[in-house]
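Okay, so here's the structure we're looking at.
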2 protein chains.
Amino acid sequence: MTKATRPTDSEMEILNILWQKGPSTVREVHEILGENKDAGYTTTLKLMQIMFEKKLLKRDTGNKSHVYQAAVSQQQTQGQLLKRMIDNVFNGSASQLVMQALGNHKTDKKELDQIMEYLKEVEKKTKS
Amino acid sequence: MTKATRPTDSEMEILNILWQKGPSTVREVHEILGENKDAGYTTTLKLMQIMFEKKLLKRDTGNKSHVYQAAVSQQQTQGQLLKRMIDNVFNGSASQLVMQALGNHKTDKKELDQIMEYLKEVEKKTKS
DNA sequence: TTTTGCCTACGAATATTTTCGTAAACAAAC
DNA sequence: GTTTGTTTACGAAAATATTCGTAGGCAAAA
């Protein structure tokens, strides 16, 4: 039984790509990473192999170039990391985080409306 | 010039204590940490010394027991970490983060109202 | 004064994450 | 068939974070 690790920063970069692009080879992921980052190919490979061992990724070894895809859902992963941050950084207060996020980040009106909408939904459910 | 490091998890634990309690000795911080965690005294000491070098903490060495306090503001630090998470985990969308946070975490009505209030404020400013 | 206890400083062992070099497999190009 | 290029696997270096042991200072208690 291994300790419950969360995706590291580098792992998140890869997950983001796979969530967006769907199943991809190491080469494809590496290429996209390369746009912002600068590391060798085997670095990306190794990272993805480790993620496979950790069960963050699935892979199809049918072809010469293995095809990887995310084995964890984006929602679930975001939720997990968010919870962590709320606990560690915002002393358990989700609302504090929300307000901080709304305050600092310039959010345009459309987004605010969307949030407002959502908030009403949640509130409705809570009330009942 | 050193690379811009962000507070690590352990460092956040200490910062949280100092933000809440105000200036404190290593012993005091260690005691509070000990409630949830279990590490030696010198571990805490070393961490705080490193944080001092990184300028995360200030200290008064006047007394035998040095008195430490946070050198970075809670707001600013939370904002920094939040921005990071929005970028790395939520593809730059603050609103996505907000809704995820509202959805997953059980937030009680009082908090929701508070957020709603705040949201209206922000929206007012945005509109004008 | 000697002992005891708590403090700091510091170096180093561990653990974790990120990086890459090298070897072997394999297929396409020559 | 040999070379060339791309791939995987693997080990280990490098970078970062966490932990602790030990030595020395200092003051209160004995």
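Chain letters run A, B, ... following the sequence lines, proteins first, then strands; residues in each count from 1.
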- Query: Between B/Thr42 and B/Leu45, is there a donor-acceptor pair closer than 3.5 Å when you use the side chain of the first and the backbone of the second?
  - Reply: no
- Query: Quick one: A/Met12 CE to C/dT17 P, roughly how many Å, whole number?
  - Reply: 15 Å
- Query: Is there a donor and acceptor pair closer than 3.5 Å between the side chain of A/Lys64 and the base of D/dT8?
  - Reply: no
- Separation of D/dT6 P from A/Asn63 CG (nearest whole Å): 18 Å
Sequence neighbours excluded and cut-off under 3.5 Å, please list the side-chain donor-acceptor pairs for residues 67-76 of chain B, or say none.
residue: B/Tyr68; atom: OH; partner: B/Arg59; partner atom: NH1; Å: 3.0
residue: B/Ser73; atom: OG; partner: B/Gln76; partner atom: N; Å: 3.0

- Note on the structure: Between CG of A/Asp60 and C1' of D/dT7 the distance, given in whole Å, is 15 Å
- Query: Taking atom P of D/dT16 as reference, at what distance in whole Å does atom CD of B/Glu11 sit?
  - Reply: 13 Å
- Item | Nearest-angstrom distance from the residue atom CD of A/Glu28 to P of D/dT6 | 15 Å
- Query: So, the side chain of A/Glu28 versus the backbone of A/Thr25: is there a donor-acceptor pair under 3.5 Å, distance only?
  - Reply: yes
- Task: Mark yes or no for whether B/Asn16, through its side chain, and A/Asn88, through its backbone, hold a donor-acceptor pair below 3.5 Å.
- Result: yes
- Short side-chain N/O contact from B/Arg27 to OP1 or OP2 of C/dC6, under 4.0 Å: no
- Contact under 4.0 Å: A/Tyr41 side-chain N or O vs D/dT8 OP1/OP2: yes
- Query: Okay, side chain of A/Ser24, backbone of A/Gly22: is any donor-acceptor separation there less than 3.5 Å?
  - Reply: yes
- By side chain to side chain donor-acceptor pair (under 3.5 Å), which residues pair with B/Lys54, not counting sequence neighbours? B/Glu11
- Phosphate oxygens OP1/OP2 of D/dT16: is one of them under 4.0 Å from a side-chain N or O of B/Thr8? no
- Message: For A/Ser95 versus B/Ile115, what's the shortest heavy-atom pair and its separation?
- Response: CB-CD1, 3.5 Å
- Query: Atom NE2 of B/His30 to atom C1' of C/dT8: distance rounded to whole Å?
  - Reply: 15 Å
- For B/Thr42, which contact category applies under a 4.0 Å heavy-atom criterion: base, sugar-phosphate, or nothing? base
- Message: Below 4.0 angstrom, which residues in residues 44-54 of chain A have at least one non-hydrogen atom near DNA chain D?
- Response: A/Leu45, A/Lys46, A/Gln49
- Can you tell me how far C1' of C/dT16 sits from CG of B/Asp9, to the nearest Å? 12 Å
- Have a look at B/Ser10 and say if it touches a base, only the backbone sugar-phosphate, or nothing, with a 4.0 Å heavy-atom cut-off. sugar-phosphate
- Message: OP1 or OP2 of D/dT7 versus the side-chain N and O atoms of A/Arg59: is any pair under 4.0 Å?
- Response: no
- Item | A/His66 side chain, from C-beta outward: closest of C/dT8, D/dC20, D/dT8 | D/dT8
